[in-house]
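In what follows, a structure is listed as structure tokens, so that the remarks can point back to it.
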Amino acid sequence: MDFALTGEQEALRDTAAKYLADDRAADDGQAWAEVTDLGWLDAELGTVELALLAERMGWARSPSPWWATVGLAGPALRAAGRPVAAAATLAWAWANGPGTLAEAVAAARGRVSTQGVGCAVAADGTLTGRAIRVPHALDAVDLVVAATGAYGVELRLVDASAAQATPAGAGGQALDESRTVSTVELTGVPSTLLVAADAAADVLALTRRRALALLAAEAVGVAARALTWASGYAATRTQFGAPIGANQAVAHPLAECYGQVETARSLAYRAAWAVDAEPGRVADQAVLTASVAAREAAVTACEVAIQTYGGSGFTWEQPLHHWYRRAWWLATFDGTVADTRAELAGLLLDG
């Protein structure tokens with residue numbers, strides 16, 4: 001069996017690396033048009049191809065809502081036969097209802113009562129509720145909403161301009177200013193049905209697998225960027241006439257971090273492959289494993305890099321802090337690493 005990337009996949013990865021090489025810090029209409037022209041929203045791209053793009057997004061700490069569009073909103077839009085073109089995101093966590101994607105899937109499967117909780121669908125199709133922790137809500141044109149209808153959880157489409165989005169944190173309160181999360185108020189907002197209650201659970205399960213797989217790949221990109229910076233600094237910064245990387249106290253943590261990052265990369269690629277090739281239990285196990293490994297690798301690599309830089313690594317002018325904030329955003333998305341470990345243990349041990 002050949003585990004190598006295909007020529008097309010390598011070309012896609014290299015193109016993304018060149019496009020993101022200048023660490024694009026702004027995301028405007030022109031940047032989104034360029035992403036569309038590059039084909040990064042095409043339906044032909046599988047999760048492996050999307051993971052390669054996500055890895056480069058993590059390397060550049062891109063502020064683009066691309067991940068929210070293809071990872072969170074994309075599965076529902078595709079299931080409804082709609083093109084994925086405009087920036088979009090998903091609202092699934094509610095102030096009085098399911099708080100995580102796993103809980104949203106359980107609610108859609110009828111394992112958790114949704115009566116009187118979450119977002120309600122009125123008889124005329126309008127939505128009322130308060131969504132919390134919605135990524136890129138301020139950037140979205142389309143908003144996919146997991147709402148409770150007469151027959152269970154449905155996925156519905158809302159014009160994001162009709163909803164009121166308020167950033168959950170700003171300035172120093174934001175964990176990562178380039179990827180804000182918002183509280184979204186829906187009060188009698190018109191909506192269009194995308195996925196009915198009988199199919200919503202499967203679409204939400206796919207959404208969770210794809211979103212977590214892409215974030216694992218993004219975390220690998222964050223970790224690789226931090227490790228590259230730290231290794232370069234250790235090789236060029238000299239003290240007492242020798243590079244600081246010659247000291248075991250500097251070299252050993254970097255070497256251990258390298259092994260951790262490469263392990264996370266392999267697991268992230270396997271998870272991306274499993275999402276399409278072996279959906280269900282196998283994919284869930286692969287995605288959770290990759291999530292734990294990649295999130296921990298990202299945080300560890302950033303911390304090792306900051307330590308390697310010494311005193312300068314602790315200044316706010318050091319760019320590493322921005323990647324460190326993204327690493328912690330990834331490590332706490334939809335639950336902590338400990339939560340993910342517990343879920344993985346349950347999947348492995350409970351059968």
When you measure from the side chain of [X] to the backbone N and O of [Y], does any donor-acceptor pair fall under 3.5 Å?
| X | Y | value |
| --- | --- | --- |
| Thr69 | Ala88 | yes |
| Ser291 | Ala216 | no |
| Arg179 | Arg61 | no |

Mind checking side-chain hydrogen bond (donor to acceptor under 3.5 Å, both in side chains) for [X] and listing every partner two or more places apart, or none if nothing turns up?
| X | result |
| --- | --- |
| Thr263 | none |
| Glu185 | Arg130 |
| Arg210 | Thr47 |
| Gln285 | none |

So, using side-chain contact (heavy atoms from CB on, under 4.5 Å) as the criterion, who are the partners of [X] when residues are at least two apart?
| X | result |
| --- | --- |
| Ala283 | Arg209, Ala274 |
| Ala86 | Val141, Asp142 |
| Gln9 | Leu5, Thr6, Val48, Glu49, Leu52 |
| Tyr324 | Val299, Cys302, Glu303, Ile306, Trp328 |

Exercise. So Tyr19 and Trp40, would you call those rings parallel, tilted or perpendicular, with 30° and 60° as cut-offs?
Worked result: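 Ring orientation of Tyr19 relative to Trp40: perpendicular.
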Exercise. Got a sec, which hydrophobics cluster with Val337, joining ILVMFWY side chains under 4.5 Å apart, including via others?
Worked result: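 Direct or chained contacts put Val337 with Val292.
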Problem set entry | Shortest non-hydrogen separation from Ala146 to Cys119 and the atoms involved |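 Closest approach of Ala146 to Cys119, heavy atoms only: O-CB, 4.3 Å.
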For this session: Search all heavy atoms of Ala85 against all heavy atoms of Thr36 and return the closest pair with its distance.
Result: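 Looking at all heavy atoms of both residues, the closest pair is O-OG1, 4.2 Å.
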Exercise. Between Arg325 and Glu177, is the closest basic N to carboxylate O distance under 4.0 Å?
Worked result: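 Looking at Arg325 together with Glu177, the answer is no, because their closest N to O distance does not fall below 4.0 Å.
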Exercise. Taking NZ, NE, NH1 and NH2 as the nitrogens, is one of them in Arg13 or Glu55 under 4.0 Å from a carboxylate oxygen of the other?
Worked result: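 Between Glu55 and Arg13 there is no salt bridge, as every charged N stays at least 4.0 Å from the carboxylate O atoms.
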Exercise. Which residue pairs satisfy the side-chain hydrogen bond (donor to acceptor under 3.5 Å, both in side chains) criterion with at least one member in residues 240-253, sequence neighbours excluded?
Worked result: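 Not a single pair qualifies under side-chain hydrogen bond (donor to acceptor under 3.5 Å, both in side chains).
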Donor-acceptor pairs under 3.5 angstrom involving side-chain atoms of residues 190-207: please list them, not counting sequence neighbours.
| from | atom 1 | to | atom 2 | distance (Å) |
| --- | --- | --- | --- | --- |
| Ser191 | OG | Gly125 | O | 2.4 |
| Ser191 | OG | Arg156 | NE | 2.7 |
| Asp202 | OD1 | Arg109 | NH1 | 3.3 |
| Thr207 | OG1 | Val203 | O | 2.8 |

Exercise. Is there any ring-ring contact (aromatic ring centres under 6.0 Å, His included) pair reaching into residues 254-296, and which pairs are they, with sequence neighbours excluded?
Worked result: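 ring-ring contact (aromatic ring centres under 6.0 Å, His included) check on residues 254-296 returns no pairs.
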Exercise. Can a cation-pi geometry be assigned to Arg225 and Trp229, taking NZ or CZ under 6.0 Å from the six-membered ring centre and within 45° of the ring axis?
Worked result: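 Yes, a cation-pi geometry holds between Arg225 and Trp229.
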